[in-house]
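Every chain is numbered from 1, with letters handed out A, B, ... down the list of sequences.
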Amino acid sequence: MAYWLFKSEPDSWSWDQQKKAGAKGTEWTGVRNFQARNNMKAMKLGDKGFFYHSNEGKEIVGIVEVAKLAHPDSTAKEGNWECVDIRAVTDVPKPVTLDYIKTDKRLKDMVLVNNSRLSVQPVSAEEWKMICDLGGVKKV
DNA sequence: GCCAACGTTGGC
DNA sequence: GCCAACGTTGGC
């Protein structure tokens, strides 16, 4: 089981919208970055991820899981871009902010801190657990 | 709204 | 294959 982090600007796609999409989930389209694409190709069904709001909020607000393996991104006109489907699993009752993550030594190696522009990021098992604890997530 | 940081592109 | 120029992202 691997863990990830999906970044989205709430203006274009928010956690609320993701939740409304329901159990079927939605395609995580629009990624045009090789590293992010490679991360998606490495995902397996059932892998979990954080849902992060960039720009506005700048906090981890939800938990998602991979509902469909990487497949061609239908919104890409050219290039072999791919996307996965993700579905909302549960809220993070106490959203974990970027501000906090930056102050906690144990989280200082998170990609979110060191490469904030990468839109799909890997998260280590330790980081996953810590943020779930901090966020008041009971069980995933 | 600004600007630093990064990834990508294209000329050489 | 290098690197300058450019566009985009995202924190502030």
For this session: Go along nucleotides 4-11 of chain C 5' to 3' and tag each nucleotide: B for a protein heavy atom under 4.0 Å from its base, S when only backbone or sugar atoms are that close, - otherwise.
Result: ---BBBBB

Exercise. Which residue pairs satisfy the ring pair (Phe, Tyr, Trp, His ring centres under 6.0 Å) criterion with at least one member in residues 83-106 of chain A, sequence neighbours excluded?
Worked result: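 Residue pairs passing ring pair (Phe, Tyr, Trp, His ring centres under 6.0 Å), neighbours aside: none found.
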
Per-pair distances, 0.1 Å, donor-acceptor, side chain in residues 115-125 of chain A, under 3.5 Å, sequence neighbours excluded:
from     : atom 1 : to       : atom 2 : distance (Å)
A:Gln121 : OE1    : A:Leu112 : N      : 3.0
A:Gln121 : NE2    : A:Leu118 : O      : 2.9
A:Ser124 : OG     : A:Glu126 : OE1    : 3.4
A:Ser124 : OG     : A:Glu127 : N      : 3.1
A:Ser124 : OG     : A:Glu127 : OE1    : 3.3

For this session: Using salt bridge (Lys or Arg N to Asp or Glu O under 4.0 Å) as the criterion, list what pairs up with A:Asp47, not counting sequence neighbours.
Result: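 Partners of A:Asp47 under the salt bridge (Lys or Arg N to Asp or Glu O under 4.0 Å) test: none.
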
Taking only residues two or more places apart in sequence or in another chain, which ones pass side-chain hydrogen bond (donor to acceptor under 3.5 Å, both in side chains) with [X]?
X: A:Gln35; answer: none
X: A:Ser54; answer: none
X: A:Thr97; answer: none

Problem set entry | Positions of residues 75-83 of chain A (non-hydrogen atom under 4.0 Å from DNA chain B), listed by number | none

Just distance, no hydrogens or angles: give the donor-acceptor pairs under 3.5 Å from side chains in residues 76-83 of chain A, sequence neighbours left out.
from    : atom 1 : to      : atom 2 : distance (Å)
A:Asn80 : OD1    : A:Arg37 : NH1    : 3.3

